[in-house]
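Following: one structure in structure tokens, then a few remarks.
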Amino acid sequence: MTGHSELTDPTAPSADAFGAFLAHVLAGGTSEVEEAVRKAAAAEIMPRFRQLGAEEIVEKNGPHDLVTVADRAAEAHLTASLTALLPGSVVVGEEAVHADPAVYEALKGDAPVWIVDPVDGTRQFVHGEAGFCTLVALARHGELLASWTYAPVLEELAVAVRGGGATVNGEVIRSGSPAPGAALAIATSHPDYTTPDQKRALLGLRTEGVRPRPCGSAGLEYLAVAKGELDAVAFSWEYAWDHAAGLLLVAEAGGTDRTLTGERYRITGGNALPFTAARDAATAEWVRSLLGAG
């Protein structure tokens, strides 16, 4: 056979191209992605903040699971800009997966994957509250490589790079450890998103020395853990767009995560739920043990 093989995908990134892009990102070259995230928020999200009409808000799976025109437009914007930065990469976005669940399988493929939640905390966004953010993570072969958490109203942009630490607005952050003897502050899943077994597990957190509360935007809760403002999170669902960016952020700030069976969370799925992410390993293990005793 001569010429271009029919078995070759001409859009796939070459090893050299991806390697160069990854080396650039791992060396701290994240400004192009930061700009893409900021532009998507400026063009598609913020003009609609506190300006949504009733017809621009739709329930997907219940009153706590909403989607707006801003979610869809921002995801389309990011899909175009991020794949342009890394030709041959693919996007696993919340709205794309809602339209076609098979899109999620890209997390198990060979192509670099951008994991996108265009508006994390849509309920807060709909209510005109500041507690929402845009989440982007870059992964390949199930490994998280970099992440971006952008809260436009709060004017905070958190970046994590595998092996390169975590920053907020350019300042290095560390999660630290809870103060000895202090009650643990933990954000947990909303009961509407839990099975009976998961509800029982989360009840393990209702014990002395723990102050559980329902979570808001998952991305912002992870950011709070990474900054040492929240001790842990405990979540009962595993969609990668909610967790990928925050888990890398927590890990690079010094924290860690554990599933119910003590393993690390896998973005490709099949995790034992609930799982936790915490400021340090000791806290993660204690929270995991409480979930197991629930």
Side-chain angles (χ1 to χ4, degrees), residues 64 120-121 123-124 129-133 135 144 147 149 151 154 156 158 160 165-166 168 172-239 242-267 271-294:
H64 298 292
D120 181 67
R123 187 158 48 92
Q124 287 80 4
E129 300 168 3
F132 65 90
C133 60
L135 301 174
L144 291 170
S147 77
T149 299
L154 302 176
E156 288 191 319
V168 175
V172 174
I173 56 171
R174 299 292 297 173
S175 57
S177 297
L184 288 185
I186 304 178
T188 71
S189 294
H190 191 287
D192 284 359
Y193 298 113
T194 55
T195 66
D197 285 346
Q198 291 166 3
K199 283 184 173 69
R200 282 191 289 273
L202 290 169
L203 284 175
L205 301 179
R206 298 193 176 277
T207 187
E208 185 177 355
V210 179
R211 292 188 289 109
R213 62 163 175 78
C215 72
S217 154
L220 293 184
E221 302 290 14
Y222 280 116
L223 176 56
V225 173
K227 292 164 66 177
E229 298 171 351
L230 180 69
D231 295 315
V233 293
F235 292 135
S236 59
W237 78 97
E238 62 177 353
Y239 294 125
D242 284 320
H243 305 300
L247 285 170
L248 185 62
L249 186 66
V250 168
E252 289 299 325
T256 192
D257 60 89
R258 294 286 185 275
T259 67
L260 193 60
T261 53
E263 300 168 307
R264 298 293 299 275
Y265 170 95
R266 297 183 299 272
I267 63 170
N271 296 288
L273 302 172
F275 74 96
T276 183
R279 294 173 64 183
D280 60 16
T283 303
E285 181 55 31
W286 189 42
V287 174
R288 186 201 67 78
S289 69
L290 292 175
L291 293 171

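Keep in mind that what you see is a predicted model, and the values were worked out from it rather than measured.
Under the salt bridge (charged side-chain N to carboxylate O under 4.0 Å, His left out) criterion, Glu129 pairs with no residue at all, not counting sequence neighbours. Shown here are the side chain to side chain contact (heavy atoms under 4.5 Å, CB included) partners of Ser177, two or more places apart in sequence or in another chain: Asp280. The side chain to side chain donor-acceptor pair (under 3.5 Å) check on Thr276 picks up nothing, with sequence neighbours excluded. Judged as a salt bridge (charged side-chain N to carboxylate O under 4.0 Å, His left out), and not counting sequence neighbours, the contacts of Glu221 are Arg213. A search for salt bridge (charged side-chain N to carboxylate O under 4.0 Å, His left out) contacts involving Arg211 returns nothing, not counting sequence neighbours. Considering only residues two or more places apart in sequence or on other chains, Leu273 meets the side chain to side chain contact (heavy atoms under 4.5 Å, CB included) condition with Gln198, Glu238, Asn271, Phe275. In terms of the side chain to side chain contact (heavy atoms under 4.5 Å, CB included) criterion, residue partners of Ala251 (sequence neighbours excluded) are, by chain and number, Arg264. Qualifying salt bridge (charged side-chain N to carboxylate O under 4.0 Å, His left out) partners for Arg206, counting only residues two or more places apart in sequence or in other chains: none. By the side chain to side chain contact (heavy atoms under 4.5 Å, CB included) test, Ala130 is found to be paired with Val153, Leu154, residues two or more places apart in sequence or in another chain being considered.
Counting heavy atoms from C-beta outward, Pro274 and Leu260 have side chains that approach closer than 4.5 Å. Using a 4.5 Å cut-off on side-chain heavy atoms (C-beta onward), Trp286 and Val210 make contact. Residues Leu205 and Leu202 have side chains in contact (heavy-atom distance under 4.5 Å, counting atoms from C-beta outward).
Distance check: Cys215 SG to His190 NE2 gives 8.5 Å after rounding to the nearest 0.5 Å. Distance check: Leu247 CG to Arg266 CZ gives 13.0 Å after rounding to the nearest 0.5 Å. Rounding to the nearest 0.5 Å gives a distance of 9.5 Å between CG of Leu291 and OG1 of Thr188. Interatomic distance, OG1 of Thr149 versus CG of Asp120, reported as 8.5 Å (0.5 Å rounding). One finds the OG atom of Ser289 at 12.0 Å from the CZ atom of Arg258 (value rounded to the nearest 0.5 Å). The distance from atom CG of Leu203 to atom CG of Leu290, rounded to the nearest 0.5 Å, is 12.0 Å.
In this structure, His243 and Trp237 have tilted ring planes: the angle between them lies in the 30° to 60° band.
Between the side chain of Glu252 and the backbone N or O of Gly165, at least one donor-acceptor pair lies under 3.5 Å. Here the side chain of Ser189 pairs a donor or acceptor atom with the backbone of Ser236 at under 3.5 angstrom.
Here the shortest heavy-atom pairing between Leu135 and Cys133 reads CD2-SG, 3.7 Å. Taking each heavy atom of Ser175 and Gly255 in turn, the nearest pair found is OG-N, 3.4 Å. Nearest heavy atom pair, residue Leu248 against residue Ser147, reads CD2-N, 3.8 Å. In terms of heavy-atom proximity, Ala278 sits nearest to Val225 at C-CG1, 3.7 Å. Here the closest heavy-atom approach between residue Gly131 and residue Leu220 is recorded as C-CD1, 3.5 Å. Considering all non-hydrogen atoms of both residues, Ala277 and Tyr222 come closest at CB-CE2, 3.7 Å.
Residue pairs that meet the salt bridge (charged side-chain N to carboxylate O under 4.0 Å, His left out) test with at least one member in residues 283-294, sequence neighbours left out, are Glu285-Arg288. Evaluation of the salt bridge (charged side-chain N to carboxylate O under 4.0 Å, His left out) test over residues 181-191, restricted to residues two or more places apart or in two chains, returns none.
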Verdict with reasoning, Thr283 to Leu184, per side-chain contact (heavy atoms from CB on, under 4.5 Å): CA-CA 9 Å; Thr283 303; Leu184 288 185; 3.9 Å; yes
Using residues 226-235 as the side-chain source, report each donor-acceptor pair under 3.5 Å to any protein atom, sequence neighbours left out, with the distance given to one decimal.
unit_1: Lys227; atom_1: NZ; unit_2: Glu156; atom_2: OE2; d: 2.9
unit_1: Asp231; atom_1: OD1; unit_2: Arg279; atom_2: NH1; d: 2.9
unit_1: Asp231; atom_1: OD2; unit_2: Ala185; atom_2: N; d: 2.9

